[in-house]
Amino acid sequence: MDAFLEKRKKLVNLLRDKGIKNEKVLESIMQVPRHMFVPSFLQYDCYMDKALPIGNGQTISQPYIVALMTELVYIRNNMKILEIGTGSGYQAAVLANLSEVVYTIEKLPTLFSEAKNRLKTLKYDNVLCKLGDGTIGWEKDAPYDGIIVTAGAPYVPEPLFKQLKEDGVLVIPEGESLSFQELNVYKKNKNGTIEKHSYGECAFVPLKGKYGWENGA
Ligand code: SAH
């Protein structure tokens, strides 16, 4: 019996109250044991709607932002999704329940191996993990129906636009500040043109790498 079930139910109700409408997204959050994705001393706090530290100066995002970004990127069933910034692996797990396959890239070796092992133990077999710089994407299996960047980018990395399918969406926190960003969604239309929509402010740790902030930032 999952001791955290009640806490998770309350979180899902809170997310619904905060405006998350897609029941499949809420169902996925109901299924993923978030407490397995945080350091053990934070297990009891992890069903609050808050970002939490996961080590190496990084964070697991606030559940509302995970739910909102999932809702924005999940535009159809059986998607092939690329995530930049695996972190704890939680967002990848939430997406895995809704997609055919999730490709996820993490830059920091410790977080990469922890997340990879965790996702394997929890049997998220349709998540493929890679260690490296996600700003250059994952060319080999491109194009993707959806791309989700879960770190704050100064601008959209050009390779990610290229690796997006026509009719696909790219969800990204973007902006010139290192401490907060605008949550933007880019849709690639059939004729190749790009449409942009903004969904307000958010706060992510910086996206580093070739098409991100400088490594030292
Ligand atoms: N999605 C995560 C939270 C992401 S925190 C979760 O559900 O827990 C942002 C992550 O992006 C950090 O782990 C950071 O190391 C990683 N990151 C930053 N720049 C990156 C890059 N260029 N490529 C891959 N990962 C990157």
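Start at 1 and go down the list; that is how both ligands and their atoms are numbered. In what follows, every heavy atom counts, from backbone to side chain, and hydrogens, waters and symmetry copies are set aside.
Looking at Gln58 against ligand 1, only its side chain comes within 4.0 Å, counting heavy atoms. By the criterion of a heavy-atom distance under 4.0 Å, the side chain of Leu111, and not its backbone, is placed next to ligand 1. Contact annotation: for Pro206 versus ligand 1, heavy atoms closer than 4.0 Å belong to the backbone alone. At a 4.0 Å heavy-atom cut-off, ligand 1 does not touch Val66 at all.
With ligand atoms numbered from 1 in the order given, ligand 1 contributes 19 (N), 20 (C), 21 (C), 22 (N) to contacts under 4.0 Å with heavy atoms of Leu207. Heavy-atom proximity to Gly132, at under 4.0 Å, picks out these atoms of ligand 1: 23 (N), 24 (C). Residue-ligand proximity, Glu83 to ligand 1, at heavy-atom distances under 4.0 Å covers atoms 1 (N). Those atoms of ligand 1 that come under 4.0 Å of a heavy atom in Leu108, given as number and element, are 15 (O). Applying the 4.0 Å criterion to heavy atoms of Ser88 picks out, from ligand 1, the atoms 6 (C), 7 (O), 8 (O). Close approach of ligand 1 to Ile60 (heavy-atom distance below 4.0 Å) involves ligand atoms 8 (O). Short contacts between ligand 1 and Val205, defined as distances under 4.0 Å to a heavy atom of the residue, involve ligand atoms 5 (S), 9 (C).
Surrounding NZ of Lys116 are at most 12 heavy atoms belonging to other residues, nucleotides or ligands under 6.0 Å away.
In the hydrophobic clustering of this structure, Val156 does not group with Val171; members are Ile, Leu, Val, Met, Phe, Trp, Tyr whose side-chain heavy atoms approach within less than 4.5 Å, directly or through other members. The same ILVMFWY cluster, assembled from side-chain heavy atoms under 4.5 Å apart, contains both Met69 and Leu26. Following chains of ILVMFWY side-chain contacts shorter than 4.5 Å, one cannot reach Met48 starting from Val94, and the two form parts of different hydrophobic clusters. Residues Leu95 and Leu128 do not share a hydrophobic cluster, defined by chaining ILVMFWY side chains whose heavy atoms lie under 4.5 Å apart.
For ligand 1, none of its N or O atoms has an N or O atom of Ile54 under 3.5 Å away. Ligand 1 has no nitrogen or oxygen under 3.5 angstrom from a nitrogen or oxygen of Ser61. Here's the thing with Thr59: none of its N/O atoms is less than 3.5 angstrom from an N/O atom of ligand 1.
Scanning all heavy atoms of the two residues, the minimum distance from Thr135 to Ile84 falls at N-CG2, 4.3 Å. What you find for Leu164 and Tyr186 is that their closest heavy atoms are CD2-O, 4.3 Å.
Results of the side chain to side chain contact (heavy atoms under 4.5 Å, CB included) test with Leu82 over Ile105, Leu170, Ile148 single out Ile105 as the only residue that passes.
Ligand 1 lies within reach of Thr86, whose nearest heavy atom is under 4.0 Å from it. Assignment of Lys210 to the shell around ligand 1 is not supported, since no heavy atom sits closer than 4.0 Å.
Nearest protein neighbour of atom 9 (C) of ligand 1, counting heavy atoms only, is Thr150 O, 3.3 Å. At the top of the distance list for atom 26 (C) of ligand 1, counting protein heavy atoms only, stands Lys107 CB, 3.7 Å. Here the heavy atom of the protein found nearest to atom 22 (N) of ligand 1 is Lys208 O, 2.7 Å.
For Arg34 and Tyr47, the positive end is not near the middle of the six-membered ring at less than 6.0 Å and at most 45° from its axis. Relative to the six-membered ring of Tyr144, Lys80 meets both conditions, a distance below 6.0 Å and an angle of at most 45° to the axis.
Ring geometry for Phe4 versus Tyr44: interplanar angle of 30 to 60°, hence tilted.
Across Arg34, Gln91, Glu106, heavy-atom proximity to atom 16 (C) of ligand 1 is greatest for Glu106. If you check each of Gly57, Gly209, Gly134 against atom 23 (N) of ligand 1, the one with the closest non-hydrogen atom is Gly134. With atom 1 (N) of ligand 1 as the reference point, the heavy atom nearest to it among Ala51, Ala92, Gly87, Gly85 is part of Gly85.
Going from atom CD1 of Ile29 over to atom NZ of Lys24 covers 15.0 Å, rounded to the nearest 0.5 Å.
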Tyr90/Val38 under side chain to side chain contact (heavy atoms under 4.5 Å, CB included): CA gap, chis, key distance, verdict: CA-CA 9 Å; Tyr90 177 72; Val38 298; over 6 Å; no
